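So the structure is just underneath, and the comments pick up after that.
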Amino acid sequence: MTRKPAWAHCSRGRTHTHACTHTRKDSSSSSSSSSSRRTAFSTLTSSTSPALAAWAEPGWGERARFGPFPSGRARWRVTLPRLQMGEDAESPKINHTFLRDYVTEADVISTVEFNQTGDLLATGDKGGRVVIFQRETESKGESEEAGETGDSGEYNVYSTFQSHEPDFDYLKSLEIEEKINKIKWLPQQNAAHFLLSTNDKTIKLWKVSERDKRPEGYNLKDEEGRLKDISTITSLQVPVLKPTDLMVEVRPRRVFANGHTYHVNSISVNSDGETYLSADDLRINMWHLGITDRSFNIVDIKPANMEDLTEVITAAEFHPHHCHLFVYSSSKGTLRLCDMRASALCDKHTKLFEEPEDPGSRSFFSEIISSVSDVKFSHSGRYLLTRDYLTAKVWDLNMDKGPVETYQVHEYLRSKLCSLYENDCIFDKFECVWNSSDSVIMTGAYNSFFRMFDRETGRGVTLEAWRESSKPRAVLRTRRVYTGGKRRRGDVGVDSLDFTKKILHMAWHPSENIIAIAATNNLYIFQDRVNPETQTQ
Amino acid sequence: MEVSAEAKRIMVVALGKLYSSRSQRGGLRLHRSLLLTLVMKSARDMYHAAQATAESVAPGCEEQQQQHQQEEHPAAQTTPEPTGAHVEFQGPPSLATGEPRTSPRQEVGGSPMGGTCAAENKENQCPTGPAQHSRKRRGKAAVEPDFLPCKKAKLEQGNCSQQLIVNPVLVDYVNCSSGLGSPPTPMPLLRAIAAC
């Protein structure tokens, strides 16, 4: 069968195409062990889909356009080419100087999160700082381009603050890193925004509020600020609120400390809006947002004898709608769904999701690559998305025998596991995200590549978050890693992949097709120009 | 031996990583240390299997690969290698031992036969490998990269062979799964490292 590109784009002025086909059929033809349980997805050929054939333009070689969104093609476009963390983080100006290659460790972005409306985007870095971006509401007539539809609001820096500082545990003589592991926004209840940020040990609740007015008209002080003599004041002057420059204030409202012995890897706000959970390697605690000196321990998998330790908790999340359900993933590749109504301590899972291991694919590193690095509920609450080292899997909550879909993210790395182990890359923890309609999943890879998979067709596309290809308004072109067969121009060989450029953290706008990708110290924001709004299910 | 050299290298690298993680900022990462220990364990088991096979003559085990019903191990088989495998049965994860045996099958043509027959038996009959995971594995805190003198390791192997010298693969397996057999002396990871 001819390969059908999934996310092919055309970039103006280019003469070569980058058809990308990482269909699941292709992956399963390699020596991959995990196989999807779904029946084969239909292959789109030009004969069955006249619309596709119409997209292929002469002179561009074998190419067709395809998008996961039913109404047409998707073209991912850069809204803001690059926001570089570091000294330019404060200024909303776009930094076009690409000369500085040296990356300060503290500037490496460690988490990205949109709020519930998508107007705010928070990033945390290794230096303990949080930068919040706000979407600009556009004025009428601005940035309306021919043929373009929808919002093209850009994200600009809204606020920056230092969330966590390096700390020291005197009892254990251990440094506590200030790296922000996770940020989660609370649902908005009033004019202020609240977010939770956590490092390895401490979770903090921050209030982000705007002030754009200030009272003026006090007559108790003179021009130089000195208090006037009371006897000289003859009238009562009521201060008036006058507009002033917008000021964003961020204040810590709660500090949830001393809840964890091990390193906190996840936080998740409950749908009840009152509680949240925090998970470390062996325990999960539930907190009330208003109470900082107490927390409930709801999961404890620490064995009586630490020598018997076989697995750790790697991620945890509350169900988006049911406030009594949560899921946690383990280093063994299993997921456990727990119902808090069953008992106070949810050590015994309600459901265990585990895929039987394929003995044919065992290697030294089987345990490492089966460890789940991230788990996310779908927006509908019906599915779970997990990421292990080589694959992303979709699970149906109603079926615990195995995933319903398996996507090979970078199967070509399976033969390179030994060298990835030596350079520590095999321990990398990739995140995964759903789109707003749960029809597309996205996850990161190496060489600044990230991958999107359309669940309906099973097709995957590889895109790149790299400054050279991200001029303002540029359309992303699909990339491909050469794994055999006909080599096309632009294909990257497996051995020339840059493993220092890894896309670990990312976020998808809750209702639109806007994605935020963290690439080391750079934040990329991409928007689908053709289908900015997602069809709701 | 390619396989044992690879296993050895992996073990050494794991040790290096464990050691350097102690001085890392933020303290010991439990998850990472756990994964490293698992890798080290697999590599160790593989290494022992490879070492033992190198010393043994194992023609009869090829038959066993086909007929795992066979009860008696030929006496010539009784080398540290199969006993090493049996030790691994009842102690450390069966799947981990199964796993290194399958990888030599992939990597080296003339694979250690005894190892693979043990592997096949285990894989056919014990899909719940992870459940038996490492009862004997050392805790994270206890894993110290000390390099003990080699004679300790040899003593361990000697003990094992005495205990299990004639037990066929299958009987041992039954013992393991029914919990009847007494587990042999656990081989601490510490000493196993020294065997490298």
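A, B, ... follow the sequence lines: proteins, then strands. Residue 1 opens every chain. Just so it is clear, the structure is predicted and the values come from calculations on it, not from any experiment.
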Distance to the ring centre below 6.0 angstrom and angle to the axis at most 45 degrees; does that hold for B/Lys41 and A/Phe364? no

Contact class of [X] relative to chain B, heavy atoms under 4.5 angstrom:
X: A/Tyr421; answer: both
X: A/Thr314; answer: side chain
X: A/Ile313; answer: neither

Between A/Glu105 and B/Arg25, is the closest basic N to carboxylate O distance under 4.0 Å? no

Is any NZ, NE, NH1 or NH2 atom of the basic residue among A/Glu177 and B/Arg29 found under 4.0 Å from an Asp or Glu carboxylate oxygen of the other? yes

Carefully, step by step, assess B/Leu35 and A/Phe365 under the rule side chain to side chain contact (heavy atoms under 4.5 Å, CB included). CA-CA 9 Å; B/Leu35 293 176; A/Phe365 309 106; over 6 Å; no

Report the C-alpha distance between B/Leu38 and A/Ile368 in whole Å, list the side-chain angles of each, state the deciding distance to 0.1 Å, and finish with yes or no for side chain to side chain contact (heavy atoms under 4.5 Å, CB included). CA-CA 8 Å; B/Leu38 289 174; A/Ile368 302 186; over 6 Å; no

B/Lys17 (side chain) donor-acceptor with A/Glu422 (main chain) under 3.5 angstrom: yes

Got a sec: does the CG of A/Asp424 have more than 12 other heavy atoms crowding it under 6.0 Å? yes

[X] side, atom [atom1]; [Y] side, atom [atom2] - distance, nearest 0.5 Å:
X: B/Leu34; Y: A/Thr310; atom1: CG; atom2: OG1; value: 7.5 Å
X: A/Leu309; Y: B/Leu30; atom1: CG; atom2: CG; value: 5.5 Å
X: A/Glu307; Y: B/Thr37; atom1: CD; atom2: OG1; value: 11.5 Å

Taking all non-hydrogen atoms of both residues into account, name the closest pair between B/Ser42 and A/Glu367 and its distance. OG-OE1, 3.7 Å

What is the minimum heavy-atom distance between B/Gly27 and A/Leu174, and which atoms define it? CA-CD2, 3.5 Å

Candidate pair B/Gln24 and A/Glu175, rule side chain to side chain contact (heavy atoms under 4.5 Å, CB included), full reasoning: CA-CA 9 Å; B/Gln24 236 171 35; A/Glu175 258 197 279; over 6 Å; no

Using side chain to side chain contact (heavy atoms under 4.5 Å, CB included), reason through B/His31 and A/Lys429 one step at a time and then give a plain yes or no. CA-CA 11 Å; B/His31 185 201; A/Lys429 297 189 178 151; 3.1 Å; yes

